[in-house]
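The next block holds one structure in the form of structure tokens; read it before the comments.
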Amino acid sequence: MSLMSTYPDVMEKLVSLAKRRGFIFQSSEIYGGTGSVWDYGPLGVELKKNLKDRWWNAMVRMRDDIEGLDAAILMHPRVWEASEHVKNFTDPLVDCRNCKKRFRADDEKIKGTPGTPTAQCPACGMKGTLSEPRLFNLMFKTFMGPVEDSASVVYLRPETAQGIYVNFLNVQQSTRQKVPFGIAQIGKAFRNEITPGNFIFRTREFEQMEMQFFVDPQDDHMRWFEYWKDERLRWHQSLGLAPERLHFHQHSKEELAHYARAAFDVQFDFGGTLGFQEIEGVHHRGDFDLTQHQLFSSKKLEYFDQPNNRRFVPFVIETSVGADRTLLALLVNAYREESVEGEDEGRTVLALHPSLAPIKAGVFPLVKKDGMPEIARRLADDLRRHLPVFYDESGAIGRRYRRQDEVGTPFCLTIDGQSTADHTVTIRDRDTLEQERIDAGRVGDVLRERLTS
Ligand code: GAP
């Protein structure tokens, strides 16, 4: 449980902004919604794509020791027995016999010990109606093929990592990588969470960006663990998350997942009562997963160290970050309400890092006449070939700026009376509000330069 944060709780405002401006909608809203499942709208899908591109570039494209993979969601059911998710991926739950509601056994709102006559249901208030805790598996089950029996049960993966382990030798042999090296993938994961909530913080369907780094157990593996902790914290900072809102939390023995020898969470301060919460886990998984898969599949998953004529099962250092949860951290971190000098109405700004902003530039004719819309349209069409831009000619110019501020657009370009005479445009900076006049022919270069600086 984290302590109350000194940052304000902006979640409600973000949920409203996200819906109004087309970032995130509740799934199946017209039917009353699906619990803790969300859809990404036109701006949300761009923001999430930019975030995933930042991760893929940092983890795969910019390195020669990490390979990419896209494993299927449905896997052989034995995978989840080997990984011990069937046995261990559980939450203890209690049921109320009176109101039929279900709670986590460690829910702080439960008064007394569940299963005893004095325990009180937090929903209906009845005493003695709460069952003893029972273990509930968080994996979603479905059936493969036309027969719905126990022999055809398959699971929706609760983590993407297992797709990497079972492909360890396929990737290593096809790429001729030498240990130490990593395999990275981005993909959906599913968990039948009991206490989901806080918007997209904890959902039942989400995306993970995971990397498994294979090291020689005789190598200094803790050095790699420390290396990946540092790398991953730096990456979060490079997205613009405020350094003072990020820290590490070390897992105690009781907190460690069944596969982990050591684990640190990168936590972000979400503000309000949520406070510091995990956005990424860096785990030392030892040889647990590969050894288990060897055992259950009867296939060797050993690396052959040719120079030393040695075979071994590598240790794994895992970095596992949620795309949706990081996106929420980015929104919380970027949200500002500001007063503007000389104006009665303030403005709402999403101060997103330019590389993440869904729209890079707004293009506006000052008024809808005197040839301005034609020039502005031509400019927008020209820029669109390289960057996501938004053309807007409706309403007062101040309003149009505000609309772009609210969705994080870093620059706005305006074509005014002077533009038609001297082939210039003004470029307005979202954060400083400064406006500068530049030659229209230089707009592409200026934007590229400022977006990457
Ligand atoms: N393979 C290791 C693993 O899955 P985890 O700590 O359970 O580790 C890693 O999950 C990350 O996935 C978390 O830090 C979080 O960002 C994200 N995540 C996990 N469960 C989630 C959920 N129900 N909703 C949204 N994101 C979730």
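Reckoned from all heavy atoms, side chains included, excluding hydrogens, waters and symmetry mates. Ligands are counted one by one from 1 in listed order, and the atoms in each one are counted from 1 as well.
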Basic-acidic side-chain contact under 4.0 Å: R347, D405:
yes
Quick note on ligand 1: atoms under 4.0 Å from a heavy atom of Y259 include exactly 2 (C), 3 (C), 8 (O)
Does any N or O atom in G322 lie less than 3.5 angstrom from one in ligand 1, N or O only?
yes
Nearest heavy atom to atom 10 (O) of ligand 1, choosing from Q208, R204, R157, belongs to Q208
Check each of E280, R191, R285 against atom 5 (P) of ligand 1 and report the one with the nearest heavy atom.
R191
Closer than 4.0 angstrom: is that true for some heavy atom of F89 and an atom of ligand 1?
no
Against the six-membered ring of F103, is K109 placed for a cation-pi contact (under 6.0 Å from the centre, within 45° of the normal)?
no
Going by an N to O cut-off under 4.0 Å, is there a salt bridge joining E226 and R223?
no
Salt bridge between D216 and R310, side-chain N to carboxylate O under 4.0 Å?
yes
At less than 4.0 angstrom from any non-hydrogen atom of S320, what atoms of ligand 1 do you find?
1 (N), 2 (C), 3 (C), 4 (O), 8 (O), 9 (C), 10 (O), 11 (C), 14 (O)
Between R191 and D91 (salt bridge meaning N to carboxylate O under 4.0 Å), is one present in this structure?
no
With a 4.0 Å cut-off on N to O distance, would you call R234 and E231 a salt bridge?
yes
Looking at ligand 1, does I279 have a heavy atom less than 4.0 Å from it?
yes
Identity and separation of the nearest protein heavy atom to atom 14 (O) of ligand 1:
E278 OE2, 2.6 Å
Looking at T203, which atoms of ligand 1 are within less than 4.0 Å of one of its heavy atoms?
22 (C), 23 (N), 24 (N), 25 (C)
Check ion pair R285-E210 (N to O, under 4.0 angstrom)
no
Quick test of your reading of the structure: of Q162, H283, E193, E159, whose heavy atom lies closest to atom 8 (O) of ligand 1?
H283
Check for a donor-acceptor pair, side chain of D324 on one end and backbone N or O of E205 on the other, with a separation under 3.5 Å.
no
Does an N or O anywhere in E210 fall below 3.5 Å from an N or O of ligand 1?
yes
Option among W224, F214, Y303 that satisfies the ring pair (Phe, Tyr, Trp, His ring centres under 6.0 Å) test with F181:
F214
Enumerate the atoms of ligand 1 whose separation from the nearest heavy atom of E318 is less than 4.0 angstrom.
1 (N), 2 (C)
Which is closest to atom 18 (N) of ligand 1 in terms of heavy atoms, F206, F201, F190?
F206
